[in-house]
Amino acid sequence: KATAQRESEAIESSVREVDGVEFVKLYENPTTSTDSKGIPAGSICVIVKGGTDLAVATAIYNKMACMTQTYGTTTETFDLVDVKFQRPTDTPIYINVEVKAKTGFPTDYETLVKDAIIAFVSAAATGYVPGQTVFASELICPVNAVGGLAVTLLEVRDDYVTYASSVEIDWKKIATFDAVNITVTK
């Protein structure tokens, strides 16, 4: 088990040890006014992906000081104390890929390209976390690895926005990917 010196480190470490937790990040606002993220003065906000609501809130409660104020949209109550934290909301990412045929061009190129992208964004080493920007350039290598094709255009967007070279993700959101949101043409 990890040890921590500060309250924030102790809370983050405790939540990270909850079964099923895939991601945890604690934000602090030690100022006397609401910060740019909307976190109230003197509060903490813990962003958590995975784990049950009760287990996550218990981990926070067991490590927080008695006067610590918590912020978020998920709430559990212990001994008249509301413990709040934030679950990241999904931001579906749409991907447009144009390829050019080369020697050995696969007939099922569309499926292969979609599978390559989904495998890349789902891998533990490259998986996206809340607040992480999606760059189209990061997706070129897995597409080129399909073989028999060359990428001539690769662009990304979120809902109802023009395709671009990147999509910035809000700190309380997480990029999600689905093969049905990937268009591949030659």
Side-chain angles (χ1 to χ4, degrees), residues 2 8-9 12-13 15-18 20-29 34-39 44-51 56 71-74 85-186:
S8 59
E9 294 168 345
E12 200 169 306
S13 178
V15 172
R16 189 170 282 112
E17 293 176 6
V18 171
V21 167
E22 300 171 36
F23 175 85
V24 60
K25 172 83 173 159
L26 186 142
Y27 293 92
E28 293 180 86
N29 178 6
T34 300
D35 70 10
S36 62
K37 290 179 172 55
I39 301 171
I44 63 168
C45 179
V46 184
I47 305 284
V48 184
K49 181 179 178 190
V56 168
Y71 172 78
T73 56
T74 303
F85 63 95
Q86 185 73 38
R87 296 289 190 182
T89 55
D90 291 347
T91 299
I93 299 298
Y94 297 81
I95 302 168
N96 181 41
V97 184
E98 292 179 14
V99 298
K100 182 176 181 177
K102 291 173 44 179
T103 304
F105 185 73
T107 56
D108 59 345
Y109 71 95
E110 188 175 355
T111 300
L112 293 172
V113 167
K114 288 180 178 186
D115 289 349
I117 291 172
I118 295 299
F120 176 78
V121 299
S122 301
T126 55
Y128 286 79
V129 297
Q132 183 178 347
T133 299
V134 177
F135 293 98
S137 60
E138 295 174 334
L139 306 175
I140 292 173
C141 285
V143 174
N144 278 336
V146 168
L149 55 83
V151 176
T152 58
L153 176 71
L154 200 152
E155 48 195 2
V156 293
R157 70 174 175 86
D158 56 7
D159 283 336
Y160 312 110
V161 177
T162 304
Y163 280 105
S165 61
S166 66
V167 174
E168 289 199 27
I169 305 296
D170 183 75
W171 68 283
K172 294 188 290 185
K173 297 183 178 184
I174 188 167
T176 58
F177 301 84
D178 189 318
V180 300
N181 296 334
I182 302 172
T183 304
V184 183
T185 57
K186 69 171 183 153

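Using a 4.5 Å heavy-atom cutoff, the side chains of L139 and V156 are in contact. No side-chain heavy atom of V24 sits less than 4.5 Å from a side-chain heavy atom of L26. Looking only at side-chain heavy atoms (C-beta outward), T89 and D170 stay at 4.5 Å or farther from each other. Considering only heavy atoms from C-beta on, Y94 comes within 4.5 Å of D159 through its side chain.
Among residues at least two apart or in separate chains, salt bridge (Lys or Arg N to Asp or Glu O under 4.0 Å) pairs with a member in residues 87-96 are D53-R87.
Checked against salt bridge (charged side-chain N to carboxylate O under 4.0 Å, His left out), E98 has no partners two or more places apart in sequence or in another chain. Scanning for side chain to side chain contact (heavy atoms under 4.5 Å, CB included) contacts around Q86 gives C45, I47, T73, K172, with sequence neighbours left out. K25 pairs by the salt bridge (charged side-chain N to carboxylate O under 4.0 Å, His left out) definition with nothing, not counting sequence neighbours. Looking at residues two or more places apart in sequence or on another chain, you find a ring pair (Phe, Tyr, Trp, His ring centres under 6.0 Å) between Y27 and W171.
Heavy-atom neighbours of K37 NZ from other residues, nucleotides or ligands within 6.0 Å: above the threshold of 12.
None of I117, I169, N181 except one satisfies the side chain to side chain contact (heavy atoms under 4.5 Å, CB included) rule with I93; the exception is I169.
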Just list the side-chain donor-acceptor pairs under 3.5 Å for residues 107-114, sequence neighbours left out, or say none.
residue	atom	partner	partner atom	Å
K114	NZ	I182	O	3.3

